[in-house]
Amino acid sequence: MNYQDVGLTAQEFAMICDKLGRTPNALELGLFGVLWSEHCSYKSSKNLLADLPHEGSAVVQGPGENAGVVRLNDAIHVAFKVESHNHPSYVEPVQGAATGVGGILRDIVAMGARPIALADSLRFGTDAASQSLRHAVVEGVGAYGNAIGIPTVTGEVAYASGYEKNPLVNVMAVGLLPAERPISARGAKPGSYLVLLGQPTGRDGIHGASLLASQDFGEGTEHMRPTVQVGDPFMGKLLMEATLEAVGTGLLDSVQDLGAAGLTSAIAELAYRSEVGATVWLDQVPCREPGMTPYEIMLSETQERMLLVVRPSNMEQIIQIVAHWELPYQVIGVITGEKVLTIATEEDPAAAVVAPDVLAGACPLKPVPQDWAAEVRKTAEISPEFTPLTWEREWGLEVLGSLDCMSRAPIYQRYDSMILTHTVWGPDHSLAVLTVKGVEEGLAVAVRGPGRYAARDAYSGGMAAVARVLALLASQGAVPLGLTDGINAGNPDKESVFRDLMALLAGIGDASRAFGVPVTGGNVSLHNETHGEPIWPTAVIGAVGRHPHPLRPVLDAPETSGLDIVWINPSGDAALGGSVFESLRQETTAYPRPDLARLAETYRVISSVAQSADHLTAIRPVEDGGLFVALSRALLASPPSLGMTVELSADTAASQLFTEVAGQFLVFCPPETAGRLESAFGQWPGAFMRLGRVTGDGTLTIAAKKSVHYGRVELERTYARGYRG
Amino acid sequence: MRVGVISFPGSNCDQDTLSALGALGVEAVPLWYGEKSLAGVDRLVLPGGFSYGDYLRSGALAARAPVMETVERAIRDEAMPVLGICNGFQILCERGLLPGALRPNASGEFLCTWETVRVASVPLGFEGLAAGDLLRMPIAHHEGAFSVEPGGLAPLFQNGQVFLQYSDSVGQVHALTNPNGSVANIAGVSQGSVTGLMPHPERAMADYLGSVDGRKLLRGWLGEGDR
């Protein structure tokens, strides 16, 4: 075996030889191969991620751990993170998606937090094959989440031909932990045992990280099937309960889940973070099949395994807990004071001997050209703008019934969204509102990843992704506690892809700074390309916020007639770049760059209106499909007798109805609240418009020179089944 | 009153069920499937979930767990009231303590939705529920299509064993209100002191969750009526 076989470059190999002072043996080479892979080392993105803001008053734990942690109140902390399982989900969609859910849940559990919610963000192509792929991915997400008993409370889906061979499956998990519980992945002390818990190790998922997730797809993926792991949510449930009970005793040094790169990554990371060494007795690892080589055991990505670090004096109590949950376990090694990781087998007590900081901390990172940062922020190339001069009734239905706007019910009804009985707002709303038992504050959870907005201008798209998700929190008056970023892009070795990646992260960084919300961790998935065609750079941003009164979410649809209909559009601009409407007619053009300072001010006002909302006011962020879709969805969520009448000027109606520029809100409110909004937004031309009124006629009427009417049944059918479906 | 909630490995609605019962003021006791005695409980609930991963037929393995011997004896000897919710219903059918079986949904997919169910006949021991009552509760299952052997349906109706049927919001029972392919829209059945239903009453305990009808159902089962 040489260095190319494990995915290393000549330069990296030379560096390893230099650090070790010798040539690594085959097993050591394998360990470096996985840990220095893109998937494990983040070598192309780490320098870019360093630019994101990580500090904030609510931050308990920033990036670098299994998940970020923020403070809900003095007693309860929230652990949350998004993770991708893109490549496996294309090769084997059901298992790929299922193990993606299992993996992110174990990350949360490894933080000592009990998972309480999942959110999924999916991207598929538009061809027929993509629809069966979607069917299988949704089956997989549901199969794991439903069985382990964690509700999938919100999510999003979008479609574009670029995702045909590279679907995206990003899943965010949220968990709760008591404030006094220490963060546990760095407490390993010399003399403590490494206890491997859960599924016996098999030959599944070997090279999942280094070869599957860190390389582009070419011809055929059949031969990659064995690199995908198989999920067992039943074992996952037992493992979760046992680990949380063990963590609850306060008797563990440390916990580390086994994910990408299996034992190799778990032990190296654990030793590196705790600044200790470890000796692993490889023959002790329970294996599912005989004759597994040390290399296979170290690289296996068998799911549902957890590594506990336990002092000898605490073993008995921990083993009792593990036995109650009927989980297989084995002591497979010991923590040592000397910072050396030794893999020992019966034949060779020094089968591999490497320092953890070389293995886990020395992978050379891709440098970022200094001048690029300024360059990406310069105004993007302006594409010829597309402005329809008329407005046709049919266009509304086309947009509402488009793949990106129509109802997601066929997906989310296959997820249990209600188990644990804290889902006040589930997936039929644009964000989730959850109660937290025993306290007044609740959680607002949202996820957005508008890839279309980054298609032509990744910097704009990065800003917009953060703006989109925070608009949802603002509409509830929820205080954002932190963000998690799921970055998905093509092959970073290509200059154009790396440039986009950099621009995307610059956008996320600038926006999170402008809104004053920290990014506490996330995931980067690169090499999402097939036959040299990369996906749109797609930033999936997850957010958790503190909801002031979760039992009573601010309405997102009117419940009484007579209310004013107000449209807030801080930029006053109605450009169609990046919109669904545009994508139905022509190539997507650049998304209008948001004015972040203005958006931050807008969200402050909306949030304060939401916090003081009377029981009549309803607030809905304008999202995909623009104002028309926001009006339609609000109408469909209102009592059947209600209707809406809005007036627009005939020559700008189409742009106004379908623009997706950032920061727009649709507000249904009594005149006093409308007045308050008018005085707040009157300073910016075109930012405040009183469009019309909530009526009692059950119809959406849009008056722009001529009046057009949409009946409720027509809208309902289009939303549920698609345009002419 | 002491109500035991039996958890099998893989049960995942046990905590929700315990808190729902607790909220109704009864003493709710968690019982692990390995325990030999029923700890002096007056009633039992088999909660929802994926016992043993539902890797064989749903509920098939749990139905053969030793604790089910004890449950069966308590039903036979003391007419102990037993309520099976979702996976619990599946387990009771697999054990033969309730008639029929739960097959995969007609769609072949897991389904989590709010449904209205109509009380067809009130099982033994229930208080405060009447035939024709409508209850709004969620379902969340992959195998919820109730089925019986040929000729088995008429006796169920004749004996008043059909407890709940999926209906529309005004209580009409028809094909369009059947979410999962259950025969005759059946969502719950009873036999003696044993009752099973697919909908989750423990998830319909408060207005903010979408409905309080679960309280009515559980109170009814507890024999307390709808106080």
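Below, chain A is the first sequence line, B the second, and so on; all start at residue 1.
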Side-chain heavy atoms of [X] within contact of [Y], under 4.5 Å:
{"X": "Gln413(A)", "Y": "Glu109(B)", "value": "no"}
{"X": "Trp32(B)", "Y": "His324(A)", "value": "yes"}
{"X": "Tyr52(B)", "Y": "Phe234(A)", "value": "yes"}

Sort out for me which of [options] touches chain B most, counting heavy-atom pairs under 4.5 Å.
{"options": "Thr435(A), Val424(A), Asp428(A)", "result": "Val424(A)"}
{"options": "Lys437(A), Lys237(A), Met418(A)", "result": "Met418(A)"}
{"options": "Gly142(A), Gly149(A), Ala147(A)", "result": "Ala147(A)"}

Assess whether atom [atom1] of [X] is packed by more than 12 heavy atoms of other residues, nucleotides or ligands within 6.0 Å.
{"X": "Arg2(B)", "atom1": "CZ", "value": "yes"}
{"X": "Tyr33(B)", "atom1": "OH", "value": "yes"}
{"X": "Gln131(A)", "atom1": "CD", "value": "yes"}
{"X": "Arg136(B)", "atom1": "CZ", "value": "yes"}
{"X": "Gln611(A)", "atom1": "CD", "value": "yes"}

Give, as side chain, backbone, both or neither, the part of [X] having an atom under 4.5 angstrom from any heavy atom of chain B.
{"X": "Glu326(A)", "answer": "side chain"}
{"X": "Ile150(A)", "answer": "neither"}
{"X": "Asp232(A)", "answer": "both"}
{"X": "Thr423(A)", "answer": "backbone"}
{"X": "Leu238(A)", "answer": "side chain"}

Please look at [X] and chain A and tell me whether the side chain, the backbone, both or neither of the residue comes under 4.5 angstrom of a heavy atom of that chain.
{"X": "Tyr55(B)", "answer": "side chain"}
{"X": "Ser107(B)", "answer": "neither"}
{"X": "His141(B)", "answer": "neither"}

query: Which residues, numbered in order, of residues 13-22 of chain B come under 4.5 angstrom of chain A by heavy-atom distance?
result: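 Heavy-atom contacts from residues 13-22 of chain B to chain A are Cys13(B), Asp16(B).
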query: For chain A, which residues from residues 201-211 of chain B have at least one heavy atom closer than 4.5 Å to it?
result: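 The residues closer than 4.5 Å to chain A, in numerical order, are Glu202(B), Arg203(B), Tyr208(B), Leu209(B).
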query: Shortest non-hydrogen contact from Ser417(A) to Cys112(B)?
result: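 Heavy-atom minimum between the residues: N-SG, 3.6 Å.
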Shortest non-hydrogen contact between Tyr415(A) and Phe110(B), atoms and distance: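 Shortest heavy-atom separation between Tyr415(A) and Phe110(B) comes out as C-CE2, 4.1 Å.
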field: Asn12(B) (side chain) donor-acceptor with Asn146(A) (main chain) under 3.5 angstrom
entry: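 Looks like yes, one N/O pair under 3.5 Å.
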